Undergrad: 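The structure is given below, and queries will be raised subsequently.
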There are 2 protein chains.
Amino acid sequence: MKIHREQIIEAGMLLLDRDGLEGVTLRRVAAELHVHAGALYWHVRNKQDLLDEMANALLAEQFAQVEGPAPEQDWEHWLQGICLRLRQAMLAHREGARVVAGASFGRAILLKQLTETIIRSLLDAGFSLHLAYLICTTVLSYVYGFVIEEQAAPTPEIISKHASDGSILADIFREKGNIYTTEADFLTGLEMILDGAKRKVMNQLS
Amino acid sequence: MKIHREQIIEAGMLLLDRDGLEGVTLRRVAAELHVHAGALYWHVRNKQDLLDEMANALLAEQFAQVEGPAPEQDWEHWLQGICLRLRQAMLAHREGARVVAGASFGRAILLKQLTETIIRSLLDAGFSLHLAYLICTTVLSYVYGFVIEEQAAPTPEIISKHASDGSILADIFREKGNIYTTEADFLTGLEMILDGAKRKVMNQLS
DNA sequence: ACCTGAACACCGTTCAAGT
DNA sequence: ACCTGAACACCGTTCAAGT
């Protein structure tokens with residue numbers, strides 16, 4: 001029963017898509033590979049290590065290699081494209097946003113590379129390191145938050161509980177299928193942030 | 001050994017501050033109250049129920065009652081104040097942001113009320129329901145994301161691991177104590193979002 | 001080098017039975 | 001009404017011992 005790191009990650013992704021994040025368990029991963037749970041510890045430091053690696057695998061589907069803006073492309077449109085792809089990568093797997101948001105740079109190399117590339121591109125656009133970092137995390141926080149919401153299917157129980165209490169959220173929940181799941185909405189919020197960021201620099205430079 | 005719901009929540013908060021979120025365990029909460037774990041289920045539906053209630057208690061410290069903008073106050077400054085208080089509430093307890101971000105409206109009544117008030121105030125300011133909801137969640141996502149980062153103390157191990165690999169993040173991590181923990185930085189990012197939102201409406205109205 | 005077997009120290013949740 | 005006692009079905013992690 002020879003096992004490789006790769007297979008452990010694959011098995012983890014399989015369980016993620018099938019049973020959700022709480023279904024990703026070292027014991028189940030081991031069972032999937034016909035191996036005892038303890039055996040995994042030869043290939044993986046601990047559970048978080050595996051989750052980080054899964055986040056990496058998830059990102060690899062969209063960010064096999066990350067590149068800065070093209071020569072005549074401005075940073076806003078480039079960053080917008082990056083965010084769209086990031087959302088796409090997360091949406092491709094159940095609770096993908098939670099997995100990525102919970103990952104640390106340690107093993108999720110692509111997450112680190114992505115962050116690096118964003119900050120570097122903003123520096124090249126004339127931002128201070130401080131502001132570049134702030135914009136980067138602001139945007140990433142937004143993407144995480146949005147997609148986490150998007151993937152957290154509100155249970156029918158929750159919907160019906162709030163459906164008839166006269167609250168505004170009731171109205172929103174009722175048409176939830178339409179709201180907040182579209183790329184258009186994602187873009188609207190993103191544009192707000194990028195637009196605000198652009199003006200912040202302009203004020204800073206003048 | 002009579003137990004009240006209130007005491008369970010209090011014990012939960014105590015464990016949260018002392019041992020962190022992963023230290024909040026129904027068995028430990030029960031031990032704190034000199035009661036068997038099963039006894040809690042008379043007062044609480046399950047663990048998430050308790051966590052939701054804890055999120056509520058946390059919010060109550062800042063939002064005992066939530067009010068919309070004052071008569072001559074514009075929505076941006078009002079919303080800015082709300083976000084500052086929300087951050088304050090979360091910072092007051094260890095991993096407070098994670099607790100609130102993970103809570104559902106079910107039991108965390110104040111979270112629902114807060115959301116309601118924000119959306120309603122934006123409606124009063126002339127936004128469409130759709131846009132009001134989008135701005136609300138965008139802003140909340142930002143606050144969650146920022147404070148979660150802020151409270152996730154990067155372990156010395158992580159810092160040293162990335163401190164000397166020539167990456168930009170290395171530079172940032174090294175001065176991490178200064179960066180990203182200040183209210184000023186929080187406000188900068190928040191202003192970007194609010195500013196972008198304001199312009200989005202102006203375009204919409206014209 | 002890499003896995004088994006078995007243990008350790010926990011979890012959340014349920015439920016008969018007690019008072 | 002509210003708690004005990006005890007179980008059920010799990011966890012992550014460690015580590016001697018095997019091969």
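Here is the naming used below: chain letters follow the sequence lines, and residue numbers restart at 1 for every chain. What you see is a predicted model, and the numbers here were worked out from it, not measured in a lab.
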Undergrad: Any salt bridge (charged side-chain N to carboxylate O under 4.0 Å, His left out) pairs touching residues 92-102 of chain A, not counting sequence neighbours?
TA: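 Listed by first then second residue: nothing to list.
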Undergrad: Under the side chain to side chain donor-acceptor pair (under 3.5 Å) rule, collect the residues that match up with Arg28(B), sequence neighbours excluded.
TA: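 With sequence neighbours excluded, Arg28(B) shows a side chain to side chain donor-acceptor pair (under 3.5 Å) to Asp19(B), given in chain and number order.
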Undergrad: Strictly below 4.0 Å: does His43(B) bring a side-chain N or O up to OP1 or OP2 of dC3(D)?
TA: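 Yes, such a contact exists.
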Undergrad: I'd like to check the side chain to side chain donor-acceptor pair (under 3.5 Å) partners of Glu116(B); sequence neighbours left out, ordered by chain and number.
TA: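 Per chain and number, Glu116(B) pairs via side chain to side chain donor-acceptor pair (under 3.5 Å) with Ser167(A).
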Undergrad: Identify whether the distance between the nearest side-chain nitrogen and carboxylate oxygen of Arg45(B) and Asp52(B) falls below 4.0 Å.
TA: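 No, no charged N to carboxylate O under 4.0 Å.
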Undergrad: Mind checking side chain to side chain donor-acceptor pair (under 3.5 Å) for Gln151(A) and listing every partner two or more places apart, or none if nothing turns up?
TA: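 Gln151(A): no side chain to side chain donor-acceptor pair (under 3.5 Å) contacts found.
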Undergrad: Under the rule for ring pair (Phe, Tyr, Trp, His ring centres under 6.0 Å), what residues qualify as partners of Phe105(A), not counting sequence neighbours?
TA: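 Partners of Phe105(A) by the ring pair (Phe, Tyr, Trp, His ring centres under 6.0 Å) criterion come out as none, since no residue qualifies.
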Undergrad: Among all residues two or more places apart in sequence or in another chain, which pass the side-chain contact (heavy atoms from CB on, under 4.5 Å) test with Ile109(B)?
TA: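 With sequence neighbours excluded, Ile109(B) shows a side-chain contact (heavy atoms from CB on, under 4.5 Å) to Asn56(B), Gln113(B), given in chain and number order.
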Undergrad: Can you tell me which nucleotide in dT13(D), dT4(C), dC2(D) comes closest to the side chain of Val35(A)?
TA: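 Of the candidates, dT4(C) comes closest.
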Undergrad: What residues form a side chain to side chain donor-acceptor pair (under 3.5 Å) with Glu32(A), not counting sequence neighbours?
TA: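 Glu32(A): no side chain to side chain donor-acceptor pair (under 3.5 Å) contacts found.
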Undergrad: Tell me the interatomic distance from Glu22(B), atom CD, to dG12(D), atom C1', rounded to whole angstroms.
TA: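 So the two atoms are 11 Å apart, to the nearest Å.
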Undergrad: Roughly how far apart, to the nearest Å, are dC10(D) and dA9(C) at atom P?
TA: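 Their P atoms lie roughly 22 Å apart.
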Undergrad: Pull out every protein N or O sitting under 3.5 Å from an N or O of nucleotides 7-11 of chain D, one pair per line with the distance.
TA:
| residue | atom | partner | partner atom | Å |
| --- | --- | --- | --- | --- |
| dC11(D) | OP1 | Arg28(A) | NE | 3.1 |
| dC11(D) | O5' | Thr25(A) | OG1 | 3.2 |

Undergrad: Would you please name every residue forming a ring pair (Phe, Tyr, Trp, His ring centres under 6.0 Å) with Phe186(A), sequence neighbours left out?
TA: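 In terms of ring pair (Phe, Tyr, Trp, His ring centres under 6.0 Å), with neighbours along the sequence ignored, Phe186(A) is linked to Tyr142(A), Phe146(A).
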Undergrad: Pairs of donor and acceptor atoms involving the side chains of residues 57-65 of chain A, under 3.5 Å and at least two apart or interchain, shall be tabulated with distances.
TA:
| residue | atom | partner | partner atom | Å |
| --- | --- | --- | --- | --- |
| Glu61(A) | OE1 | His93(A) | NE2 | 3.4 |
| Glu61(A) | OE2 | His93(A) | NE2 | 2.8 |

Undergrad: Side chains of Leu79(A) and Ser121(A), heavy atoms from C-beta outward: is any pair under 4.5 Å?
TA: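 Side-chain contact under 4.5 Å: no.
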Undergrad: Give the B/S/- string for nucleotides 14-19 of chain C, one per nucleotide from 5' to 3', where a protein heavy atom under 4.0 Å of the base yields B, of only the sugar-phosphate yields S, and otherwise -.
TA: B-----
Undergrad: dC3(D), OP1 or OP2 - any side-chain N/O from His36(B) closer than 4.0 Å?
TA: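 Looking at the OP1 and OP2 atoms of dC3(D), neither is under 4.0 Å from any side-chain N or O of His36(B).
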Undergrad: In dot-bracket form, 5' to 3', how is DNA chain C paired? Count Watson-Crick and G-U wobble pairs only if both distances fall under 3.5 Å, and write | where the partner sits on another strand.
TA: ||.|||||...|||||.||
